[in-house]
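If you read the sequence from its start, that first residue is 1, and numbering goes on from there.
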Amino acid sequence: MSPITNGRLIFKEIPTGYPIPGQTTAYDTSSHIDLETEPLNGSILVKTLVLSVDPYLRGKMRAPERESYTPPFFVNEVLYNYGVGKVIRSETSAFRAGDYVYGILDFAEYFIPKDITKLEVIVKHEPTLPYSVYVGAAGMPGQTSYYGWKEYAKAKAGEVIFVSTAAGPVGSIVVQLAKQDGLKVIASAGTDEKVKFCKKIGADVAFNYKTTNTADVLAKEGPIDIYWDNVGGPTLETAIANTALRARIIICGYISQYNGEEDYGIKSMKNVLSNRLSINGLLVFDHQDRYKDEFYKVIPKKLASGEFIYTEDITRGLEKGGEAILEVQKGVNTAKKIIVVADD
């Protein structure tokens, strides 16, 4: 078989603000691969099907010397993230040709992983779920919601939770977990369409934070016992100022400060003392060993039955990957952003 073009999305330069397609990232067609003869060196050849686009990718677009909880991307190398692919060839007993795998995939049409331990065969307990769901509600974002809820929420029926970015892949599962446990849910989102979705999945109070004052809503509907924070900045400050005694704050993200914005100093920190608040940072990989098996027994079943609702915002074609990344950073995506690289 003759070599074929292997499209890839390359990290080209460290951005100072938003990641600009064609400048921060670039679609590259200079690489070629022979699917039948490419040396595997004991690994596997994977055809990429779907890739997840998540807010945290912006944090990887930094200078290598800047430390963080996740390694940086390197200039002129291929981006990577959670995805689903199909094994084309294998030289290891851990995978067979035809297996569908989930884990860390290159932003490339085909790739040979250097570390196969970052991939696992997908066992589709719920055959009706498309593979794209395994990078969203049944993948890392859904796991983040489930693990954080189990570990930190300590929820009691009748309590009040406020969820920011509640229409996103993490926030929307949190909303549904909270309603399942009998909580009153206050949800914020950035468009009227997203507010409607929040109401559809059960939020008792949903509002557009761009047109409605968050402090006014929380003063009326709170105080809040749990705040699930996906944005940081003024929203976190407002939430802390409207907490109940012994409230729990779960910090999952801070997208308001991902793209070159100045650090925001929280002015309401005295409430941490007076209300005896607990504040926890949530990173999904800290809790895999404890909750992963339970997650896969519970969440895919709820998604397949329709008990839990999920939505997807699909970008078709790896060549549009840079635009998909920018959409998520600007919050103009309408749901969980997924790049469909190939149908099968």
F197, CZ atom: more than 12 neighbouring heavy atoms under 6.0 Å: yes
Side chain E237, main chain K267, donor-acceptor under 3.5 Å: yes
Nearest non-hydrogen partners of I224 and A239, listed with the distance: CD1-O, 3.8 Å
Min side-chain heavy-atom separation P71-Y80 under 4.5 Å: yes
T25 (side chain) donor-acceptor with P21 (main chain) under 3.5 angstrom: no
Point-to-point distance, once rounded to the nearest 0.5 Å, from CG of L283 to OH of Y56: 11.0 Å
Spacing of I251 atom CD1 and L282 atom CG [to the nearest 0.5 Å]: 10.5 Å
For P169 against P141, the heavy-atom pair lying closest together: CB-CB, 3.8 Å
CA sep, side-chain torsions, deciding dist, call: Y102, V121, side-chain contact (heavy atoms from CB on, under 4.5 Å): CA-CA 6 Å; Y102 166 77; V121 176; over 6 Å; no
Check against side-chain contact (heavy atoms from CB on, under 4.5 Å), F73 and I14: CA-CA 9 Å; F73 291 133; I14 298 167; over 6 Å; no
SB check E120 K292 (cutoff 4.0 Å): yes
Residues in side chain to side chain contact (heavy atoms under 4.5 Å, CB included) contact with T214, at least two apart in sequence or another chain: F162, F207, Y209, L218, T238
Main-chain N/O of A108 paired to D106 side chain as donor or acceptor, under 3.5 Å: no
From CG (L45) to CZ (F95), nearest 0.5 Å: 13.0 Å
Whether over 12 other heavy atoms sit under 6.0 Å from L273 CG: no
Derivation of the side chain to side chain donor-acceptor pair (under 3.5 Å) call for E109 and T48: CA-CA 5 Å; E109 293 176 346; T48 303; over 6 Å; no
S305 side-chain N/O to E307 backbone N/O, donor-acceptor pair under 3.5 Å: yes
R58 versus G17, closest heavy-atom pair with distance: NH2-O, 2.9 Å
Co-membership, hydrophobic cluster, residues I104 and F74, 4.5 Å side-chain: no
Nearest-0.5 Å distance that lies between atom OG in S188 and atom NZ in K210: 11.0 Å
D192: side chain to side chain donor-acceptor pair (under 3.5 Å) partners, not counting sequence neighbours: N208
Proximity of Y152 and H287 rings by center, below 6.0 Å: yes
Within-4.5 Å side-chain heavy-atom neighbours: V185 and V205: no
All pairs passing side-chain hydrogen bond (donor to acceptor under 3.5 Å, both in side chains) where residues 160-176 contributes a residue, at least two apart: S164-Y227
Minimum side-chain heavy-atom gap Q288-Q143 below 4.5 Å: yes
Closest contact, heavy atoms only, A166 versus A187: CB-CB, 3.4 Å
Q329 (side chain) donor-acceptor with P19 (main chain) under 3.5 angstrom: no
Any side-chain heavy-atom pair of D216 and T212 under 4.5 Å: no
Non-hydrogen atoms of A138 and Y296 that approach each other most closely: O-CE2, 3.5 Å
T117 and D115: side chain donor to acceptor below 3.5 Å: yes
Charged tip of K302 within 45° of F308 ring normal and under 6.0 Å: yes
Sidechain-backbone polar pair: D99 side chain, R96 backbone, donor-acceptor under 3.5 Å: yes
R8 side, atom CZ; F107 side, atom CZ - distance, nearest 0.5 Å: 14.0 Å
Within-4.5 Å side-chain heavy-atom neighbours: V341 and V50: no
Any donor-acceptor N/O pair, N6 side chain to Y110 backbone, under 3.5 Å: yes
All side chain to side chain donor-acceptor pair (under 3.5 Å) counterparts of E77, not counting sequence neighbours: none
For the student: nearest non-hydrogen atoms of T311 and A335, plus distance: OG1-CB, 3.1 Å
Steps toward salt bridge (charged side-chain N to carboxylate O under 4.0 Å, His left out) verdict (K179, D204): CA-CA 9 Å; K179 289 306 299 178; D204 300 280; 2.9 Å; yes
Trace of the salt bridge (charged side-chain N to carboxylate O under 4.0 Å, His left out) decision for K150 with E294: CA-CA 11 Å; K150 287 288 185 176; E294 180 182 331; 3.3 Å; yes
Salt bridge present between E126 and K301 (N-O < 4.0 angstrom): yes
Test side-chain contact (heavy atoms from CB on, under 4.5 Å) applied to L303 and V133, step by step: CA-CA 9 Å; L303 296 168; V133 181; 4.0 Å; yes
Any donor-acceptor N/O pair, R246 side chain to L277 backbone, under 3.5 Å: no
Electrostatic pair K184-E221, nearest N-O below 4.0 angstrom: yes
Gap separating the CG atom of L119 from the CD1 atom of I44, nearest 0.5 angstrom: 5.5 Å
Electrostatic pair E151:R290 at N-O distance under 4.0 angstrom: yes
Listed once per pair and sorted, the side-chain hydrogen bond (donor to acceptor under 3.5 Å, both in side chains) pairs that draw on residues 62-76, sequence neighbours left out: K12-N76, K60-T70
I226 side chain reached by L183 side chain, heavy atoms, under 4.5 Å: yes
All pairs passing side-chain hydrogen bond (donor to acceptor under 3.5 Å, both in side chains) where residues 334-344 contributes a residue, at least two apart: S52-K336, D54-K336, K86-D344, Y100-D344, D313-T334, D313-K337, T315-K337, R316-D343, E327-K337
Verdict with reasoning, L236 to I266, per side-chain contact (heavy atoms from CB on, under 4.5 Å): CA-CA 8 Å; L236 174 58; I266 304 297; 4.1 Å; yes
Minimum side-chain heavy-atom gap V135-L51 below 4.5 Å: no
Side-chain touch N81/L105, heavy atoms, less than 4.5 angstrom: no
R276 side chain vs A247 backbone, donor-acceptor pair below 3.5 Å: no
Side-chain donor/acceptor of E159 to backbone N/O of K156, under 3.5 Å: yes
Linked, directly or transitively: V332 and V195 (ILVMFWY side chains, under 4.5 Å): no
